[in-house]
Enquirer: 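The structure's right below; bear with me while I get my questions together.
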Amino acid sequence: MKLTNIKYTAAAVVTALTMSACEDFLDRPTEDSYNTENFYATTDQCLSSVNYLYNSPWYDFQRGFIKVGEVLSGNYYWGSSPYMNFSVNGSDQDLVNMSYSLWAVIGHATTLYNTLAATSVANKNQCLGECLTWKAMAYFYLVRSFGDVPIIHDNSALLASGDYNSLPKVKRADVYEYIVMTLEQAMEDLKGISNPTAGRIDYYSAEALLAKVYLTKAGVSGALNGDDLAKAAQLAKDVIDNSGRTLLENYGDVWKLTSNLASESLIAWRWTVGSQWTSQNTLQSDLAQEGMDEFGDCWGGWNGLSVDLQQAFGINLLENQPDAWINHIDTRLKATMMLPGFKWDYLWQDHGGLDFLRFLYDDTYNSAATGTLQAPTGANCVKHLYGNTADHVAALNIAPARMSYALATHILRLSDVYLIYAEAMLGAGRSASSNSDVIDAFYAVRHRAVPSSTRPASVSWDDIWKERRLEFAMEGDRWYDYVRVSYYDSQYCVNELTNQKRNAYWGLNDLYKEYYTSGTWSIDTSKQGYDNSTAAPNVNVMLRTDSETGKSYFALPMCAEDVLYNPNLGSNVEGEHVDVRNTYSY
């Protein structure tokens, strides 16, 4: 880390006290006269001090969230992006911003934790648990993204030591142990907190994250560890049985502004609209087509959901008729991507709902209509879109602004816990299971998405692997699934990624426009096709070999600027072992 970055994150908690918000639990008046000496006098003030950890430090991760999680994994097409062909390097600005954001979260959470721990305020444990859960989440992203990374346990102590430019990386296994230790303390702090405000991290939020950490950690030695899998299953089952949380009845409702505080969302970025820049969601700008809102800030129409993801849903635009997707049995398809014939009643409500083709071709309906299909894959994104000002006001009674809205970004949902449980219960052999609890967990997710589905007699690892892709598409998670599997079976991941359909279609605009004007869908192979000329990416360049296990695993390059200041962070430098439990404590 650069000294300037560490200093920033260590000191930022003071300025964070003036951040405001629009969610119920984030609301509080700005008190410019407060400082660290007089602010932490009551439980409510302590709770307010944690609020900004739900948004601002995460702001610069938003684009990396999509580019790493979805573009790199083959779920999303983003033109000439280096994440499309695995040519991303340590100077890539989105990678730099992502790394900086994650270290900022750790700095903020650590400093605030230490500040709160030193107070005598009653009931401060909830705040301590929230700080540690966010810290663990940031480290979870870091270790899955970059492999071996440093452990910064105490910003102030590191600054005082002067060792910030010689800090060594720590072995992945030890980083995971540090995350486990951090979440165990978070759960201890959150234990017994009654009736926490909706949207806030609670005991079961931390426990669910720990279950996911154990599922990932299970493979870090190069082979699946049965004890880690058993622990993941135990933790996930406790969340399922005792948290009181349930899945929303309709999958599409998860992505509505009115579901910002839905109980199935265990951990989410709770964005706000206000004077504090970086507290807001801006994903719509990168993902929506021009004209989606009134601010001229949408440029995502030229990207789209990948052909490979479409085919994972069973859709082939060059073979199927529109009825194949309009009447598709999996409700996640329409909640994830825009295709001809689709319409959403919760978007553009003042226009009678958002009609995909009319949005493209009718300038009396959409004054910014270009008259052209932009998405090279034929499918634009639905998730993470709030719509326009009327939609935002109707749901939250507050107006959005340019590149600023308050739709929550769900980063750990209850359906993930169900699938974690099912996968962990398969054990290290990954054998198909006919255990009723495993089938029930899998079927809870499957049946919500496909109401016509029947309960299976058994569940296989492949069933769960595919279900995870469809359930969490565009939620920044798919690449990290590849990472955890690469720990113990990198060749499986390389083969699947290499064989994806990551390229674009050509000639779809004429097909779409004809369907809009005449209702005719007629494929002409001389006018429409798939780009077979662009070679598959060299996925192997993203592999790094662990000298101890001899196993290859996926890891992104460390940021070049950080390596310049501290050569110990170089991608070719292996981490050191640390006895986590005897070195650190909370």
Side-chain angles (χ1 to χ4, degrees), residues 57-105 137-138 140-147 269 271 278 281-289 297-309 336-337 374-377 379-385 403 409-411 469 472-484 486 493 497 500-504 534 536-539 541-542 554-562 571:
W58 295 96
Y59 177 80
D60 283 329
F61 183 34
Q62 287 183 79
R63 186 167 285 174
F65 181 69
I66 298 298
K67 287 196 171 181
V68 174
E70 304 302 323
V71 179
L72 201 59
S73 68
N75 273 353
Y76 195 65
Y77 179 92
W78 195 309
S80 59
S81 168
Y83 295 86
M84 287 287 297
N85 59 14
F86 288 74
S87 63
V88 63
N89 59 47
S91 299
D92 179 80
Q93 193 58 54
D94 295 318
L95 188 75
V96 171
N97 289 343
M98 165 186 166
S99 174
Y100 172 75
S101 180
L102 293 172
W103 287 114
V105 173
M137 178 66 82
F140 192 36
Y141 276 119
L142 279 169
V143 70
R144 291 180 298 165
S145 297
F146 302 105
W269 295 327
W271 305 107
T278 72
N281 194 337
T282 61
L283 283 171
Q284 177 161 294
S285 293
D286 272 344
L287 299 176
Q289 305 160 85
D297 58 355
C298 296
W299 43 77
W302 299 99
N303 307 319
L305 284 300
S306 73
V307 173
D308 200 75
L309 181 62
T336 303
M337 65 182 76
Q374 297 173 4
T377 63
N380 286 113
C381 185
V382 178
K383 286 182 181 178
H384 307 295
L385 306 191
M403 295 181 65
T409 304
H410 308 298
I411 52 179
R469 186 180 193 187
F472 306 117
M474 295 306 294
E475 296 182 49
D477 197 57
R478 187 59 174 178
W479 175 249
Y480 298 111
D481 270 340
Y482 279 118
V483 169
R484 69 178 175 84
S486 79
C493 300
L497 288 161
Q500 286 178 337
K501 289 191 175 297
R502 299 172 70 96
N503 300 333
T534 303
N538 180 10
V539 179
V541 301
M542 204 62 75
F554 287 135
L556 290 159
M558 295 292 284
C559 295
E561 192 175 13
D562 285 337
S571 295

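On a predicted model such as this, the values are computed, not experimentally measured, just so you know.
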Enquirer: Look at the side chain of Lys383 and the backbone N and O of Glu475, then say whether any donor-acceptor pair between them is shorter than 3.5 Å.
Expert: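 No, Lys383 side chain to Glu475 backbone: no donor-acceptor pair under 3.5 Å.
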Enquirer: Can you see which heavy atom on Gly90 is nearest to which on Pro557, and at what distance?
Expert: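 Closest pair (atom of Gly90, atom of Pro557, distance): N-CG, 3.8 Å.
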Enquirer: Measuring from atom CG of Leu142 to atom OG of Ser99, what distance do you get when rounded to the nearest 0.5 angstrom?
Expert: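 Reported to 0.5 Å precision, the distance equals 6.5 Å.
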Enquirer: Under a 3.5 Å cutoff, is there a donor and acceptor pairing between the side chains of Ser306 and Asp308?
Expert: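 Checked: Ser306/Asp308 side chains show no N/O donor-acceptor pair below 3.5 Å.
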Enquirer: Looking at CE of Met98 and CZ of Phe146, how far apart are the two atoms once the value is rounded to the nearest 0.5 Å?
Expert: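 Reported value, rounded in 0.5 Å steps: 4.5 Å.
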Enquirer: Give the C-alpha distance, both sets of side-chain angles, the deciding distance and a yes or no for side-chain contact (heavy atoms from CB on, under 4.5 Å) between Asn97 and Gln62.
Expert: CA-CA 9 Å; Asn97 289 343; Gln62 287 183 79; over 6 Å; no
Enquirer: Over 60° means perpendicular and under 30° means parallel, so classify the ring planes of Trp479 and Phe554, tilted if in between.
Expert: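 Phe554 vs Trp479 ring planes: tilted.
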Enquirer: Which atom pair, heavy atoms only, marks the closest approach of Asp286 to Tyr76?
Expert: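 Closest pair (atom of Asp286, atom of Tyr76, distance): O-OH, 4.2 Å.
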Enquirer: Do you know the tightest heavy-atom contact between Tyr59 and Thr278?
Expert: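 Looking at all heavy atoms of both residues, the closest pair is CB-O, 3.3 Å.
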Enquirer: Phe86 and Leu72: which non-hydrogen atoms are nearest, and at how many Å?
Expert: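 In this case the closest contact between Phe86 and Leu72 is CZ-O, 3.5 Å.
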Enquirer: Of all heavy-atom pairs between Cys493 and Tyr482, which one has the smallest distance, and what is that distance?
Expert: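 Between these two residues, the closest heavy atoms are SG-O, 3.4 Å.
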Enquirer: Stepwise, does the ring-ring contact (aromatic ring centres under 6.0 Å, His included) test hold for Trp269 with Phe65?
Expert: CA-CA 12 Å; Trp269 295 327; Phe65 181 69; 5.0 Å; yes
Enquirer: What pairs of residues pass the side chain to side chain donor-acceptor pair (under 3.5 Å) test when at least one of them lies in residues 64-75, not counting sequence neighbours?
Expert: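 Counting only pairs at least two positions apart or across chains, the side chain to side chain donor-acceptor pair (under 3.5 Å) contacts touching residues 64-75 are Lys67-Asp94, Glu70-Asn75, Asn75-Arg469.
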Enquirer: How many angstroms lie between atom CG of Leu309 and atom CD of Gln500, to the nearest 0.5 angstrom?
Expert: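 Output value for this atom pair is 9.5 Å.
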Enquirer: Drop me the distance from Asp481's CG to Arg144's CZ, to the nearest 0.5 angstrom.
Expert: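 Spacing of CG (Asp481) from CZ (Arg144) equals 8.5 Å.
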